There are 2 protein chains.
Amino acid sequence: MTQKAPPPDAGNAPDGMFNQSLARGISVLESFRGAGGPLTLAQIAARTGLTRSAAQRLVHTLRKLGYLTLTQDGHGFLLHLPVLDLTHDYLRLNPLLRRASPFLLELRQQVRERVDLSLFDGARMVYASRLQSKREAFFATLVGNTVPSTSTSGGWAALALLPDAEIDAILTATTLPALTPRTLTDPDAIRAEISKTRRDGHALAVEQVLMGEVAIGMAIPDAAGRPAGAIHVAGSLAEWAPEAFRRHVVPSLAEAVRNIGCA
Amino acid sequence: MTQKAPPPDAGNAPDGMFNQSLARGISVLESFRGAGGPLTLAQIAARTGLTRSAAQRLVHTLRKLGYLTLTQDGHGFLLHLPVLDLTHDYLRLNPLLRRASPFLLELRQQVRERVDLSLFDGARMVYASRLQSKREAFFATLVGNTVPSTSTSGGWAALALLPDAEIDAILTATTLPALTPRTLTDPDAIRAEISKTRRDGHALAVEQVLMGEVAIGMAIPDAAGRPAGAIHVAGSLAEWAPEAFRRHVVPSLAEAVRNIGCA
DNA sequence: GCATTTGTATTGCTGTCCGATACGGCTGCA
DNA sequence: TGCAGCCGTATCGGACAGCAATACAAATGC
């Protein structure tokens, strides 16, 4: 009976166990989301809604801990290396990655195309591992990069495991950005793709994220049957017709997913 | 007065601007370093040196913020997805990566071997970007993975930019693990490699991190001439004799480093 | 079925964090 | 040359947020 209803967070009840200082400090780290470069103290204060004083003290603390650094020209702060230590611990300990890693390598050798593993997080898929990358813009290859669940083969495959009500919630809550001219933005078109995915057991996406790219995704369920993440295999339309790519990839991909089992 | 002996912190000066709660919360995140799996509350408390109560409150807070999660079987806590958001922001904003990324891609196309960028952090090199990986153990390919500066071509190249006194400090402070049977662990042998690197402008490492691997590294200096990071190019000894690999890689690598300039 | 875990919840005291305010060093505009 | 507006930094008394001890339900393992 412990599982009451962890309040939807938004209107948070007075929580006597919540550490405000820690939350504020974390919000300083998060204030770099979407920033275009170093942030000054005033900018951090503005982005977090904190007092200049509070921001100052938290920045000071994070600096002593190594997580923030003053840029070399002294004109602002940036996230610093210890962040990557957390990254490594997260990736290293992630149960899905641990289970999937040997099979990802095997899959990569079989299909000889790019193999990615991304983690399901509602409206977005978060890249956790990219075994190879050829053509892409560099920053798209970075760990932690996200793409809308509605715009990738892996996302479709993950969404296909959810009940329709949840899919609708995601489709309506999110604005659907057109990453390419061919990206599907019509909710019904996306629902249709999810239906196809349910029928076929895998998703096929053509030029949804990047022009010239075809990708096939399959979801990895967790023990409860909900999507934990997905594996994509991506190829070039210059080398593959979509159907040929499907025939090339699906058998190995399906076997990999089967081997991984439930995460 | 109030500022007597804070906690048994590492003998640091009393710092009225230091936010203890934030530091403790971060230490909870860091407590997963080296963990073999999920941690229980008691383990977190033990690893951080916090009271059970304190650990509880901080874990509670980090959970509400999404950074920690209770494992599905309810038997411990793990780092969670928002960590990767910080990762992405860090990588995206890192000045060295921003400068280097186009040239890394170009270099990769020219040499057609694995190209890595790692960041210099004293005794260790931290992987920030791996453009391709063929043979390695999966977890060695993860972002945030570290290798001793003394055991890699990139590390040698970075150390070569430092004054000898600092090199000695690193060599004596660190225990030098033998990652392979051929890893150099004798400080003088490493000093000799650094000398060669200074003479040649690049480092060549054979089977220092992984058997069967040859790697060439060049350092990227910051504005002050200190090492900011290094680029490695790694190939297989099955395909390349070390000297042939050197001739193949060094011209393109040197050009890339020249183009990147000072970070 | 007792002993020891696990995660969770409550409470009164106190010491830590709060935020207004002030300072010195820059940059750039006049 | 000087003022205005940033920058990051430092200080200080008061109050409120976080502290640690303690208790509880549920799961685990003898």
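Quick note: numbers below take in every heavy atom, side chains included, and nothing from hydrogens, waters or symmetry partners. Chain letters run A, B, ... following the sequence lines, proteins first, then strands; residues in each count from 1. Worth saying up front: this structure is predicted, and the values here are computed from it rather than measured.
In this structure, A:Arg47 contributes its side chain and A:Glu30 its backbone to no donor-acceptor pair below 3.5 Å. Within the 3.5 Å criterion, the main-chain N or O of A:Gly155 finds no donor-acceptor partner in the side chain of A:Ser149. In terms of modelled atom types and a separation under 3.5 Å, the side chain of B:Thr51 and the main chain of B:Ala54 share no donor-acceptor contact. Here the side chain of B:Thr71 pairs a donor or acceptor atom with the backbone of B:Gly76 at under 3.5 angstrom. With hydrogens and angles disregarded, no donor-acceptor distance shorter than 3.5 Å links the side chain of A:Thr69 to the backbone of A:His80.
Distance B:Lys64 NZ to C:dT8 C1': 13 Å, rounded to the nearest Å. Going from atom NE2 of B:His60 over to atom P of D:dA17 covers 15 Å, rounded to whole Å. Note: CG (B:Leu39) to P (C:dG7) measures 10 Å, nearest angstrom. Between the CG atom of A:Asp73 and the C1' atom of D:dC7 there is a distance of 12 Å, rounded to whole Å. Remark: P of D:dT9 and CG of A:Leu68 are 12 Å apart, rounded to the nearest angstrom. If you take CD of A:Gln43 and P of D:dG5, they are 18 Å apart, rounded to a whole angstrom. Note: CG (A:Leu70) to P (D:dC7) measures 13 Å, nearest angstrom. Rounded to an integer number of Å, the gap from CG of A:Leu58 to C1' of C:dT16 is 13 Å.
Comparing A:His75 and A:Ser21 along DNA chain C, the residue whose closest nucleotide (by nearest heavy atom) sits nearer the 5' end is A:Ser21. Nearest-nucleotide mapping onto DNA chain D: of B:Arg52 and A:Ala42, the residue sitting toward the 5' end is A:Ala42. Taking for each of A:Leu41 and A:Leu22 the nucleotide of DNA chain D with the nearest heavy atom, the 5'-most of the two is the partner of A:Leu41.
For C:dC17, the OP1/OP2 oxygens have no side-chain nitrogen or oxygen of A:Asn19 closer than 4.0 Å. When the side-chain nitrogen and oxygen atoms of B:Arg24 are compared with OP1 and OP2 of C:dT16, none of them lie within a distance under 4.0 Å.
Under the 30°/60° scheme for interplanar angles, the aromatic rings of A:Tyr127 and A:His232 are found to be tilted.
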### Criterion side-chain contact (heavy atoms from CB on, under 4.5 Å) on B:Leu84 and B:Thr87, from CA distance to verdict
CA-CA 5 Å; B:Leu84 288 193; B:Thr87 305; 3.9 Å; yes

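Between A:Leu159 atom CG and A:Arg198 atom CZ the span is 9.0 Å, to the nearest 0.5 Å.
Summarising the geometry of B:Pro82 relative to B:Leu65, their closest heavy-atom pair is CG-O, 4.2 Å, with the distance given to 0.1 Å.
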### Query
Could you write nucleotides 11-16 of chain D as a row of B, S and -, 5' to 3', where a protein heavy atom under 4.0 Å of any base atom gives B, of only sugar-phosphate atoms gives S, and otherwise -?
B-----

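Summary for the helix from C:dG7-D:dC24 to C:dA30-D:dT1: the axes at its two ends, each from 5 pairs, differ by 50° when rounded to the nearest 10 degrees.
Taking the side chain of B:Gln20 as heavy atoms from C-beta on, and the options C:dT8, C:dC17, D:dT9, the nearest nucleotide is C:dC17.
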